[in-house]
Amino acid sequence: MSAYLDNSATTKPCAECVKAVEKMLTECYGNPSSLHGLGVETAKELILARQCIADSIGAKSEEIYFTSGATEANNLALFGAVKARKRLGNKIVTTAIEHESVLQSIQELEKQGFEAVYLKPDKSGNITAEQIYNAVDGNTILVSVMYINNEVGTILPVESIAMAVKKANSPALIHIDCVQAYGKMPINASRLKADLLTVTAHKIHGPKGVGAIYINKSTNLTAENFARIYGGEQEKRIRPGTECSPLIAGFAAAVKALPDIKEQEEKIHALNSYTRGRLAQIDNIKFNNDETASPYIINLRVPTFMMSQTIIQELSAKYGVYVSSGSACAKGKRSHVLTAMGLSPETVDRSIRISFSRFSTKEDADALCDALGELIASHPEK
């Protein structure tokens, strides 16, 4: 029996998603831009999927654009926002714990002459609203802050961004990376006053290879601001190319299959508390995030002389327990999130991330805790 607890990296596609993908591959496989019957039927499925994603974040269907995933969506958001506002200022405000797709995009923008401010977290990974208020000024053209951190589960004060922008009389556009929050807590683009918002399918039991960007219609941003690929009218030229209708349909099916968010959160809170309680019984386990973080993520330092990569491999090979050491996109590099939190290199190198989904169980938690206990006992810290 295996225990998959790496759901912040990706999730197993749900049955509804698989069924929708199969239907589009085998029955409704026309090009949605074709004018014949099969193409029209495929186009109808895309219309329904777009409306589904829009409804899930309180947006209009015409404000949703499909992408290949969150990395592309984040790149489009950042480069598009800066291109649209570059005549009004030069400053970008973000945090030091953003996903690499945001950080590397902003680093590239710095090379182009833009100024970037990276807000630092405390030792639990928290960023305060006051930090955002102090950083945003009249020269700020973009504020990009994730809703939930993917490594430690910190819930960032994204609802304060709009007020900070207003108070500073700033021309800044607001981008919120909602990848880890989507499907796990209520998200309403209007209430957040977001100009740009990004989500992806494979974190909510949808397929890999598809995501979406929300672009607030009232900002009057155009394809010229965003287009980095040319050669078609799809997605209003913001992201041209034949749409991947099977993945888009699978994305929508996964959204429709999401359970009641409040009920699900209560279940995951209980599972988180149970798991933390069992882990706390293991000598010298140290939690890197606190209980104010998203209940879907536990980050901890393992008391063994082995590096985190070895711990992960041992848990997988010997016990069938699957966890990670941080963002899967980092490919094993030292966590920039834990480093920004001020944790020691020794702690960073021996930390692992446990992440739940709605399909996670107490049996999974028990398998993890039993395996960790045995592994630590057989490889004690020197």
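For clarity, every value in this text was computed on a predicted model and none was experimentally measured.
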(Q) Any donor-acceptor pair under 3.5 Å linking the side-chain atoms of Thr42 with those of Glu45? (A) no

Q.
Assess, by modelled atom type and distance only, whether the side chains of Ser357 and Tyr4 contain a donor and an acceptor separated by less than 3.5 Å.
A. no

**Q.** From CA spacing to verdict: side-chain contact (heavy atoms from CB on, under 4.5 Å), Leu5, Ser360
**A.** CA-CA 7 Å; Leu5 293 167; Ser360 300; 4.1 Å; yes

**Q.** Ser8-Asn150 side chain donor-acceptor pair, cut-off 3.5 Å
**A.** no

Q: Step through the shown structure and confirm whether more than 12 heavy atoms of other residues, nucleotides or ligands are within 6.0 Å of CG on Asp260.
A: yes

Q: Could you list all the ring pair (Phe, Tyr, Trp, His ring centres under 6.0 Å) pairs where at least one residue sits in residues 185-244, not counting sequence neighbours?
A: His205-Phe359

Q: Mark yes or no: Lys362 above the aromatic ring of Tyr274, with NZ or CZ under 6.0 Å from the six-membered ring centre and no more than 45 degrees from the axis.
A: yes

Q: Please report the closest heavy-atom contact between Gln180 and Lys184, naming both atoms and the distance.
A: O-CD, 3.1 Å

Q. Can Ser335 and Glu151 be counted as having a side-chain donor-acceptor contact under 3.5 angstrom?
A. yes

Q | Over 12 non-hydrogen atoms of neighbours within 6.0 angstrom of CD in Glu110 | A | yes

Q. Looking at Thr154, Asp177, Val158, Ile155, which one forms a side chain to side chain contact (heavy atoms under 4.5 Å, CB included) with Met146?
A. Asp177

Q: Check the surroundings of atom NZ in Lys267: do more than 12 heavy atoms from other residues, nucleotides or ligands lie under 6.0 Å from it?
A: yes

Q: Calculate, to the nearest 0.5 Å, the distance between atoms OG1 and CD1 belonging to Thr275 and Ile354 respectively.
A: 7.0 Å

Q. For Gln107, does the CD atom have more than 12 heavy-atom neighbours from other residues, nucleotides or ligands under 6.0 Å away?
A. yes

Q.
Below 30° counts as parallel, above 60° as perpendicular, anything between as tilted: where do the rings of Phe251 and Tyr182 land?
A. perpendicular

Q. Going by atom types only, do Arg353 and Ser324 share a side-chain donor-acceptor pair under 3.5 Å?
A. yes

Q) Just checking, any donor-acceptor pair under 3.5 angstrom between side chains of Asn288 and Ser351? A) yes

Q) Is there a donor in the side chain of Ser344 and an acceptor in the side chain of Glu346, or the other way round, less than 3.5 Å apart? A) no

Q.
Tell me if the CD atom of Glu130 is crowded by more than 12 foreign heavy atoms within 6.0 Å.
A. no

